[in-house]
Each structure stands twice: as structure tokens, then as C-alpha cells.
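These numbers come from the heavy atoms of this one structure, side chains and all, not from hydrogens, waters or symmetry mates. Just so it is clear: chains get the letters A, B, ... in the order the sequence lines come, proteins before strands, and each one is counted from 1.
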Protein chains: 2
Amino acid sequence: MARLGILAGGGALPVALHAAHPDAFVVTFAGVAHQMGDAAPAFPFEKIGSLYGALRDSGVTDVVFAGALSRPPLDPEQFDPAMIALAPRLLAAMQRGDDAILRLVVETFEAEGFTVRGAHELLPGLTAKAGLFAGPEPTDADTQDAKRGFEILRETAPLDIGQGCVVAQGLCLGFETLQGTDAMLRFVAQTPDRLRARARGGVLVKTPKAGQDLRVDMPAVGPDTLRGAAAAGLNGVVITAGNVVVLEPAKLKAVAEELNLFLLVEGTAP
Amino acid sequence: MARLGILAGGGALPVALHAAHPDAFVVTFAGVAHQMGDAAPAFPFEKIGSLYGALRDSGVTDVVFAGALSRPPLDPEQFDPAMIALAPRLLAAMQRGDDAILRLVVETFEAEGFTVRGAHELLPGLTAKAGLFAGPEPTDADTQDAKRGFEILRETAPLDIGQGCVVAQGLCLGFETLQGTDAMLRFVAQTPDRLRARARGGVLVKTPKAGQDLRVDMPAVGPDTLRGAAAAGLNGVVITAGNVVVLEPAKLKAVAEELNLFLLVEGTAP
């Protein structure tokens, strides 16, 4: 019989997951902030072998990574044999970036016999269904801009650069890079008026890259995304159904009304 | 026998073109700043028919557009018949952006029987030959970053977004959009240290989009590009031979030495 293990980092997501799966076994990590209370055992990253053991002893078959994991400094003298064995590949992955680290973590847990699940599978309310999620109806121009945005993200997906872009009247005003969505929106907000005069309004489009492993890396939008989009002079935000996390949906809806911005959810990336 | 007409906007380029082609017929535009002196006739945009006439009367067969052309407000009451005939297509082009306007201008002059030439054909020193143009030798990491940058620009060229990007240790830190290269470099300069820690150094790569009409739209780099690249923490700038304007080459070389940044020119986009 399957039992879930929640490997909890910071933020509200692991708390929500635990509420939906109260019989799950929750672990946290030494040196990583979390909101899971004191009952959950905290494992040092250096002793990953003892984590495997604890999960198995508790009957855990499936694991989910949830919440923000900062990277505390590792003390090599504390490494257990499993961590020593992992170290060379971990070192190589760290030089290639977050994606590589996440892929390695997934592979490592799978090699230990665990099934790695995505938070969005275990908490369907985490993402949105197709339709207008919040705010006013998009105009035809907004719909055209969204279509162009999805085209840009689809064509650039193999390059593994980013999962968001801003399009206004067909013109690309922002393309997400390593710095993330909020930084891109701040950049768009600084667009000179003379350029904005021929690229008014516009939308933020956000969807996973093809091949992105949603179990450990999902795009997300929340109230702050809408605020950033409003500050950038956009009319709305467009995401895809089932694969983009919608953070604090009630607050997001209120912010959408307040700012008169829409959050539109496309059934499939057009 | 061919005679050149220089259609001069602002900046040093039309001056340099005239120095290289002293027998050319120079025209300027009413309301557009230029450095061509008072001898050159100034035509209002509203009377494009009279411009065609003056060019033909002077024996002009080939024209070159050179220098920055701001767009003064057009007065429809002053339109001559040629401009009235052009107006509907010009209006449509203005809604599609600068590229569309430039394409229309080229088509219009070609339809009038003129050969439209590129400034880079008439002034070979405007662009650079393959090799290290200025500054220190790039490292292997820089060369790898340049390769990735060219890959990104090649794959995104059909999307007609931008002609420059920044790559550091394989990670894309900036992708040029409507706001241009300098704005992108300012964006990269604001990258948080925690991200820069795993994407140190890096290069700006700049090359025309496939299909870009170099006769009216060329990428350019100059001393300010190097200063922007330095402020963004980059190691250098990489362009392609023959199709990227190098502004103020002597000053650029001095700035490259001062900032210890390279300008590398690739023979063909790798």
C-alpha cells in the first residue's frame, strides 16, 4: 500500500499538501526554514542515507518535494556513505545549475526505489482549469498577444531559457531569463514611452517549457505576479491549465478585480 | 553611369559616407537634425514626389539611407500626390512597427527605379573583419558562451524578436527585445549576486536576424556598448564580420583597453 512522504521546504505549499494528505510522513531539512511545526524530523543534507532509511521505516513509497529549498552550506566531514557516493555527481550538477540538481535529486530517489510525485498531482487545486480565472474579459488584441506569446515560448522551449514572455500588440517587450518573471516585469515597466506608444497594453504569458519536470519545477503565478504585470502596464496574465501553480487564488482574484487585470487559463497552449 | 544619393539623417554616418563618396548628391529632411551643413537641400516627408524628382534631376540611380531618422509629425494637407498614394500603406506599416516602415520605404524607392544600397557596402570600414578587434583574448569559457549565444540568436531569428543576447557560463541572462541592447545590458547589470554567482563573466552576442535587411537596419556596437557590457559584469562582446556596424572604432579600442573587455569578430555565426 502506497504511503506519501512530504519532503518539506519553506512556504505554504507543504502545509497545504499535508492538510490534503494528513497521513503522509513529513520530513524537513536541517537549516532550511519551514512552517511544518516541530513534530516533523529534520534531516541534514549530509545524511541522505539516514533519510532514505527513515522514509522506508515509515512505509513511504512515494515522495513529493514541496516548497522552497535554500541551499545551506554542506559540511563534507558530516557526509554519510550515501552522500559520499552522490557527491561527484552532485558537484557536477551544481556547476550546471538548478535544473541539473533537481534532475539528479529525482533520479537519486527513483534509484532508491521511491516514486517521485508532483505536488500538482496530489493537490489538483494548485493549478487552474481552462477559462477566465479572474478579472475582465480579454480583448481580441489581448488574445492575439497571448497567441504570439505562446508561439515564442513554444519555439524557444528547446533552448531552455525561460518560461515566460511579455507581448504587446504583437511586439515582444520581455523574455524571461535566469532572473525570473518578476525581474522581467520590472524591466518591461521601464520601457520608454516612445516605444510603449506603439506597443500598448499587452499580456504576460507563462507556461512550462516542453520537457520541464513538473514534479520538481513548476511555473507559478500569484497576486504579486498580477501587481508586477499592472506596474508594467499590461492588461492581463495568460497561463495554461493544469501545469502552472496559482498561488493564493482568493487573494489573486481580489487583486485582479482591484487592478482590473485578467488571469486567463488556456486549455492547451495554442 | 551610376550616381549615389545619400538620404541623410542624424549622426556621423552620413558625414563619413559623403567623405568616401564626395560626388554623391546629399539630401536631408525637413525637421530632422543632421550634420551635413546647409548646402544639402532639405525635403519635407510630405513631398516625397519632389524628392524623387530632385534625385532624378541630379542623375541619381542608387540611394543609401544613412543616419537616424526621427519621425516629425506629418501634415496631411501638405501631402503631394506621391505621398497621398503612399499614405494607406504607410499607415498600415506604422501600426506594424519600424521594420515594416523600413521595408515599405525600400520597396517604394525600388518601385521608383532606384537601387537601394546599404551603407556597409559603400563604406567597408563600417563593419569589422574576422578576428580579435580589441581587448584581451577571450577564454575558452567566453568562446563557449559566444557559441551558445549564437545558437540562441539563430534559433530565435524566425520569431523576429531581437538581435542580441547575453550568456554567462551557458546561462542566458538577457535576451534583447524592443527596448534594445543598452536596456538589456542595464537589466543584466541588475542580476542579483546569488544568480551571478553561478553565471559569472559572460558575453554579449550581437548579429543580424536571418532575413534582416541590412540596407536599412544594421545592428551596431560602439564604445557605449562596451561600457554597458562592463557595467553588466561581462568579459566581452562578440559580433559577426561584415554585418554589424562598429561605431567609433578608435575610441572603442581605447575603451576596450581601459575596461579590459574584448570585442571579438566571428567570420560567420558559428
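Neither the backbone nor the side chain of B:Arg196 comes within less than 4.5 Å of any heavy atom in chain A. If you measure heavy-atom distances from B:Ala168 to chain A, you find no contacts under 4.5 Å at all.
Shown here is A:Asp75, whose CG atom has more than 12 heavy atoms of other residues, nucleotides or ligands within 6.0 Å.
The backbone N or O of B:Pro192 sits nowhere less than 3.5 Å from a side-chain atom of A:Gln179 that would complete a donor-acceptor pair.
Rounding to the nearest 0.5 Å places CZ of B:Phe175 at 10.0 Å from SG of A:Cys165. Remark: B:Ile161 CD1 to A:Arg148 CZ distance equals 5.5 Å, nearest 0.5 Å. Interatomic distance, CD1 of A:Ile101 versus CZ of B:Arg198, reported as 7.0 Å (0.5 Å rounding).
Using a 4.5 Å cut-off on side-chain heavy atoms (C-beta onward), A:Thr156 and B:Glu155 make no contact. Between B:Thr191 and A:Leu178 there is no side-chain heavy-atom pair separated by less than 4.5 Å.
When each of B:Asp160, B:Val166, B:Ile152, B:Val188 is checked for heavy-atom pairs under 4.5 Å with chain A, B:Ile152 comes out on top. Considering only heavy-atom pairs separated by less than 4.5 Å from chain B, the leading option among A:Gly170, A:Ala183, A:Pro158 is A:Ala183.
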